[in-house]
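Lettering follows sequence order; numbering is per chain, from 1.
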There are 2 protein chains.
Amino acid sequence: MKDRPSRATGRPTLAQVAARAGVSQITASRALRSIATVDPQLATRVHDAAKALAYVPNPAARTLASARSHSILVLVPALSNHLFIETLEAIQDVLRPRGFEVLIGNYHYRQDEEEELIRNYLSHQPCGILLTGFNRSETAARLLANAGVPCVYMMELRQEEGIVCVGFSQEAAGAKVAEHLLSRGRRKLAFVGAQLDARVLQRRDGYQQAIARAGLPPAFEIMTPEPSSVELGGDLFNRLLKEHPNTDGIFFCNDDLAFGASFEALRKGVAIPEQISVVGFNDLPGAGQMVPRLTSVRTPRATIGQHAASSLLSLLCGETPEVTALDLGFKLMVRESS
Amino acid sequence: MKDRPSRATGRPTLAQVAARAGVSQITASRALRSIATVDPQLATRVHDAAKALAYVPNPAARTLASARSHSILVLVPALSNHLFIETLEAIQDVLRPRGFEVLIGNYHYRQDEEEELIRNYLSHQPCGILLTGFNRSETAARLLANAGVPCVYMMELRQEEGIVCVGFSQEAAGAKVAEHLLSRGRRKLAFVGAQLDARVLQRRDGYQQAIARAGLPPAFEIMTPEPSSVELGGDLFNRLLKEHPNTDGIFFCNDDLAFGASFEALRKGVAIPEQISVVGFNDLPGAGQMVPRLTSVRTPRATIGQHAASSLLSLLCGETPEVTALDLGFKLMVRESS
DNA sequence: CGACTTTGAGATAGCGCTACCTTATTAATC
DNA sequence: GATTAATAAGGTAGCGCTATCTCAAAGTCG
């Protein structure tokens with residue numbers, strides 16, 4: 001048994017820790033991984049030795065030997081949206097302290113890119129994957145299934161055997177917005193959506209259904225696949241005013257669009273909320289400072305990240321959560337704009 | 001020589017590729033890594049075999065054997081700031097197609113957290129590191145130096161032997177803002193800064209120096225270490241108006257603060273730019289849509305990421321760039337607010 | 001109380017690659 | 001034409017860990 005520092009990094013190896021603790025290498029390995037079958041007294045000796053040598057395990061060696069890394073892949077459709085940043089941060093706050101490394105994959109709302117990322121990152125043998133929603137290519141889904149890596153889905157809910165997900169009902173949120181606008185006496189409603197991912201469409205559906213339930217004609221829809229931006233919000237608002245000048249309530253699929261619309265309204269002298277009520281989505285920082293302060297749906301994005309990460313940890317321990325579809329709800333923040 | 005699929009992933013191994021190509025494993029390895037000493041004809045055979053088997057190298061094995069991974073660590077002070085997201089995206093656009101994996105470390109503007117991230121990620125033996133600015137703990141700097149990993153510094157410039165950096169002069173940008181406000185006839189200037197990192201202070205210095213050069217008294221400063229936010233911008237603006245009601249020009253250290261101030265001004269009826277000129281920094285998306293449209297300094301954050309990544313790649317090839325401090329400049333976007 | 005299980009520790013053998021050394025082949029030099 | 005130098009391929013031996021098997025010691029039961 002050799003016990004010398006690592007060739008490359010010059011850092012101590014497990015063999016050195018074992019030698020110092022006076023145990024075999026494999027016992028040291030087990031002790032450091034907190035595997036039950038090691039005597040507590042020996043385990044303490046090993047931990048002391050590791051601390052004294054400032055031992056840090058070599059992740060590559062660990063991954064090669066065990067065929068599973070300690071990294072967790074998180075796939076999000078965008079980083080430019082503050083929404084996912086907060087989710088990511090919450091995930092990291094849970095996983096990093098427990099010794100997991102978080103790999104971030106941004107697929108820019110593109111299925112082919114997501115597929116490519118999955119293909120690439122699977123070669124790193126992640127021990128778990130966090131995914132956004134359920135809408136992905138057949139191939140991507142098959143890759144995930146074949147890999148046999150535990151997955152947790154975020155943002156959307158689905159009651160299905162073997163699927164663990166954390167989110168809220170996008171439909172219910174859309175419905176809530178419709179009910180709010182109706183309660184304000186608005187009757188000529190519109191929906192403005194961009195970057196039409198599954199969740200935007202679900203919100204739209206919930207919104208329209210609530211309007212239908214109230215016995216009103218469907219909301220006019222302006223939808224574009226372009227990426228959302230403040231600027232686009234202004235453009236779509238102008239288009240809406242031109243096509244349907246008597247609109248009195250608008251649900252924007254996200255706050256960025258609503259911000260842009262608000263600026264245009266200020267500029268054109270369109271009175272919000274007197275002439276038109278405006279509601280956004282996500283309650284991004286800044287929504288409460290807008291002029292007028294923007295009504296928006298606060299989504300539990302940080303909490304979703306936190307619970308998704310925790311659920312994944314449970315799965316890694318072999319536990320099966322009793323609640324497989326965790327609904328964290330949402331909150332309509334009513335402000336001046338409606 | 002065994003040539004069977006990987007135990008864990010079931011995926012083909014290098015041995016299989018070699019067998020199929022009728023060469024030794026090491027030759028296959030060299031061919032796939034494009035090492036010159038292999039016959040072009042053999043190399044083609046190897047590449048064909050790899051393609052036929054859909055071979056993907058095992059990064060853990062590669063890292064363990066070569067004591068160097070194919071991952072590049074990028075350390076940024078925040079993800080919540082759109083600025084760094086754009087830089088990150090540009091970095092990934094350069095590095096991912098070349099087979100490098102990008103590891104993102106967010107240290108939340110905290111030196112101790114940066115140090116911890118460096119310590120942690122060095123165990124993954126990254127082949128290069130991209131850092132933000134030069135301001136870090138002694139320990140962090142020593143860790144980096146000892147690791148012997150090529151580094152490129154972003155956002156700030158420093159002419160120093162052996163340091164490769166890509167950015168722009170924060171001082172010059174600050175000075176440019178001062179000159180612009182002075183050219184608009186503003187004489188009672190202020191500087192409002194939050195999240196006081198080195199770059200904010202450099203902008204402030206440049207701003208004050210330009211004011212001094214014009215023979216005017218220094219700008220009044222409101223500075224707070226709190227994280228920047230739209231809301232904070234409004235608060236600091238109100239504080240400034242109370243303490244120095246005759247201020248006629250404000251340089252906000254970033255756009256978020258300027259946004260918040262603009263909203264407060266609208267709400268209070270403070271006329272921008274008639275009563276006070278306002279200038280932001282970074283020219284975030286939305287600055288051009290604000291009411292009034294915000295004058296801001298457009299920073300080359302995407303280009304910085306792109307060039308920093310390219311420079312790092314050069315260093316990895318053993319090349320030494322002739323320009324070690326690449327100044328990408330900036331552009332003052334003059335709009336309605338000034 | 002002897003056969004059986006349980007438990008904790010160690011020895012061994014890789015994981016899938018690449019560094020390094022060695023050998024075979026060809027080119028270059030006097 | 002013998003010696004040296006350059007070049008290209010292969011053999012071998014790990015990288016630093018963990019899975020798996022083995023074995024001794026201690027507990028359990030009818």
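- Rounded to whole angstrom, the span from the CG atom of N58(B) across to the P atom of dC15(C) amounts to 12 Å.
- Nearest-nucleotide mapping onto DNA chain C: of A60(B) and G22(A), the residue sitting toward the 5' end is G22(A).
- Contact annotation for R30(B): base contact, defined as any heavy-atom pair under 4.0 Å involving a base atom.
- For dA9(D), neither phosphate oxygen OP1 nor OP2 lies less than 4.0 angstrom from any side-chain nitrogen or oxygen of T27(B).
- Per the geometry, CD belonging to Q16(B) stands 9 Å off P belonging to dC17(C), to the nearest Å.
- For dA19(C), one of the phosphate oxygens OP1 or OP2 lies less than 4.0 angstrom from a side-chain nitrogen or oxygen of R33(B).
- Residue R62(B) places no side-chain N or O under 4.0 Å from the OP1 or OP2 atom of dA19(C).
- In this structure, the nucleotide among dT18(C), dA11(C), dC17(D) sitting nearest to the side chain of S66(B) is dT18(C).
- H124(A) has its NE2 atom 20 Å from the P atom of dC15(C), to the nearest Å.
- A search for side-chain contact (heavy atoms from CB on, under 4.5 Å) contacts involving A140(A) returns E115(A), I118(A), R136(A), S137(A), not counting sequence neighbours.
- Between the C1' atom of dG10(D) and the CD1 atom of I26(B) lies a distance of 9 Å, rounded to the nearest Å.
- Contact annotation: Y55(B) side-chain N/O to dG16(C) OP1/OP2 distance is not under 4.0 Å.
- Taking atom CD1 of residue I35(A) and atom P of nucleotide dT18(D), one finds them 8 Å apart after rounding to whole Å.
- Residue Q125(B) contributes atom CD, which lies 14 Å from atom P of dT18(C) at whole-angstrom precision.
- Recorded end-axis angle for the helix from dC1(C)-dG30(D) to dC30(C)-dG1(D) stands at 30°, based on five pairs per end and rounded to 10 degrees.
- For A65(B), the listed nucleotide lying nearest its side chain is dC17(C); candidates were dG10(D), dC17(C), dA19(D).
- We find that CD of Q25(A) is positioned 11 Å from P of dG10(C), with the value rounded to whole Å.
- DNA chain C is contacted by T37(A), V38(A), D39(A), L42(A) of residues 37-44 of chain A, taking any non-hydrogen atom closer than 4.0 Å.
- Distance L64(A) CG to dC15(C) C1': 4 Å, rounded to the nearest Å.
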